[in-house]
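Only one structure is covered here, and it is reproduced in the block below.
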Amino acid sequence: MLSATEIKQMLDALPLPVFAKASDHTWIYGNEAFVDLIGIADFIGRDDTSLFDEEQIDVFWREDDLVFSGQTSTSFEEIGEGTFALTRKFPITLEDGKPGLIGVIIEAVASPEDLRKMRLEHKTAQETNNLLLSQLQSKADDHAKQYEKRLRDLERDRENAQSLAQTDPLTKVGNRLGFQADLQLLSKRYDETFGSFTLAYIDLDDFKHINDTFGHRMGDRVLCQVADRLKSIGDIFSVSRLGGDEFAVLLECDGQSTQQVEGQLKRMADHVFRPVTEFKRDVDASGSLGLTRYPFDTKNLSELKHYADLALMKAKNAGKGHIRIFEASDYADDLRLRQLEAGLRTAIEQGQISAVYQPIFDAREGRIQGVEVLARWTHPDLGPILPDEFILIAGRLGLLVHLDQIVLRRACTELAEFIENGSIDYFSVNASPSDVASLGYARNLLDILEECKVDPGSVLIEIIETAVMEKSRTARSNLEELSAAGIKIALDDFGSGYANYRTLLDLPVNVLKVDRSLINTINERPHLIDFLVSIIHMAKALGASTVCEGIATEEEKILAETLGFDALQGFLLSRPVSLAPLRKAIQRQEEGPVLDREPVRKTG
Ligand code: C2E
Ligand code: CA
Ligand code: CA
């Protein structure tokens, strides 16, 4: 806040005379410049009557009254002998609430000559101002025009850049960015009209195969053809390539039922997924399609994309050329899968995988000759999960090697007593083909055995034979390393479809574990007996022993024994059990005759 003295100092510093009057025309203030101008010092509290003549007072008071009524006034009046002043007066309200005025003498001149000059200057200045103003105006117009053009150019450049940034250079349809923009545009439009549209994700089947077999140029041509065909379909709002061989299509389908939309997409698929002829060759271009509907499935665009993805995944899982509409259960499945993935990751990190043991019996003596170690996992919320499910997930997460190591360590610790005292000859652990094909697999496994002080001669590795195994040099050298260290190798699920007999000659195989589907379906397919006999013969020729898996009935047991299997395994003889019941079964076997004994019943 400024003090009254400071305000006074400021006003006194002004070169312009400033004064103030109350509504009864008495002077209440005048700054130094004002005092200089009128040449009277003690004017405060007096009114004009003691200072000016009647004629002047008339003029002053007329102007004053105008200002007291709230208006502003400007006047050119004689204020003394030959002195004229250009004065502006402004209304103010005084402390007592009554009107007052503040006056500023903008220009004071001493003679009529000066006055004329001043008026002239004023006029010239005004004219000059007007001229300048009009020049400025026309310049501003020019600038405005140039500016508008520049804006239009910029807008065009921006649009070009945007469309370039949103276009896939190969197929000339939208890219991921373009898709995102189209999706937002369409959802906004349909929000306004309360309409609906379909988002379909398309994935070409076996595209990698096309690239590998026919080359990338052909692969590119297939992508372009598919994009062109998609573009040529009416009702399609936009086509985008999201990357690789994946496309997204936005379809306007207002007022259509889900069946109608599905029909529409089937027709689209028929049109698009036809062979592509390029470079004088025909290439099959089929694809899978997953779709979801806005706003029925969701109004959230991220969710919408996720749902289309889930539907596409289901379509692909169903085989080639499938169309799949998103269902709420897909979301639940996906949620469960994520829950399982997160849970399994933690469980493997914290070693929370347990093992159960399924005895393998000597076919002639009925003695437990070994046990198969099987992994078990219980999700904290979802309960026990089947190995078939979590082994697959661990494989996808790249954690199967770790899981198998946990299981192996557990088996080494828990089974050491039986191995050491010779109650059983071996235990067998499962290994996935990808484990075996990974660098350092054999070394790690042997290190664990050494650490746990388990003789490699009492360990058997069960592997499922696949094409990958045949091709992989690493897999072969791992198996050779293990074999050289004394570990035995079993081919698991033998005869279930993958087997290639050359493998038997090329890999160090000690045991064939015949898949349970063979013995389980023998009643429906009697010719399988011949098949089983030939497997046993072949095993003999190779010096490998045979295990018949999955014996669940007395009939199957008798058949397996008669056919000459070396060992038997199955629920009839024993389910997989935890350590305590296994120990009991082994103790019982050591106490008495083993043939035709009560089977081990407890489940693990
Ligand atoms: P697998 O190696 O063929 O193991 C035998 C599976 O058949 C076990 O299922 C066992 O419980 C089941 N089985 C045994 N006898 C019978 C029978 O008489 N009838 C029927 N219906 N089933 C019988 P499980 O424990 O559910 O394991 C499933 C698969 O998961 C295993 O098949 C194996 O491929 C994999 N697996 C289990 N544990 C591990 C592990 O620690 N590591 C790896 N890599 N895979 C494992
Ligand atoms: Ca097995
Ligand atoms: Ca098996």
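In this chain, numbering begins with 1 at the start of the sequence shown. For the numbers below, each heavy atom of this structure counts, side chains included, while hydrogens, waters and symmetry mates do not. Whatever order the structure lists ligands and atoms in, that order sets their numbers, starting from 1.
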Rounded to the nearest 0.5 Å, what separation is found between the CG atom of Leu312 and the OG1 atom of Thr292?
-> 12.0 Å

OH of Tyr441 to CG of Leu482, rounded to nearest 0.5 Å, is 6.0 Å

Let me know which of Asp212, Asp205, Asn211 forms a side chain to side chain donor-acceptor pair (under 3.5 Å) with Lys208.
-> Asp212

Using a distance threshold of 3.0 Å, what protein N/O/S atoms lie below it relative to the Ca ion (ligand 2)?
-> Glu372 OE2, Asn430 OD1, Glu462 OE1, Asp492 OD2

With a 4.0 Å cut-off, would you call Arg221 and Glu278 a salt bridge?
-> yes

Using the side-chain contact (heavy atoms from CB on, under 4.5 Å) rule, pick out the option among Val436, Leu479, Leu507 that qualifies with Ile489.
-> Leu479

With a distance cut-off below 6.0 Å to the six-membered ring centre and an angular limit of 45° from the axis, does Arg293 pair with Phe296 as a cation-pi contact?
-> no

Assess the side chains of Ser517 and Asp515: does a donor N or O sit below 3.5 Å from an acceptor N or O?
-> yes

Please give the N or O to N or O pairs under 3.5 Å between ligand 1 and the protein, distances rounded to 0.1 Å.
| unit_1 | atom_1 | unit_2 | atom_2 | d |
| --- | --- | --- | --- | --- |
| ligand 1 | 2 (O) | Glu372 | OE2 | 3.2 |
| ligand 1 | 2 (O) | Asn430 | OD1 | 3.0 |
| ligand 1 | 2 (O) | Asp492 | OD2 | 2.9 |
| ligand 1 | 3 (O) | Asp493 | OD1 | 3.3 |
| ligand 1 | 7 (O) | Arg516 | NH1 | 3.1 |
| ligand 1 | 15 (N) | Gln358 | NE2 | 3.1 |
| ligand 1 | 18 (O) | Phe571 | N | 2.8 |
| ligand 1 | 22 (N) | Arg516 | NH1 | 3.3 |
| ligand 1 | 25 (O) | Arg376 | NH1 | 3.0 |
| ligand 1 | 25 (O) | Arg376 | NH2 | 3.1 |
| ligand 1 | 38 (N) | Ala375 | N | 3.0 |
| ligand 1 | 42 (N) | Asp404 | OD1 | 2.6 |
| ligand 1 | 44 (N) | Asp404 | OD1 | 3.2 |
| ligand 1 | 44 (N) | Asp404 | OD2 | 3.2 |

Knowing that exactly one of Phe326, Tyr201, Tyr294 qualifies, which makes a ring-ring contact (aromatic ring centres under 6.0 Å, His included) with Tyr307?
-> Phe326

Would you say the side-chain atoms of Ser329 pair up with the backbone N or O of Ala332, donor to acceptor, closer than 3.5 Å?
-> no

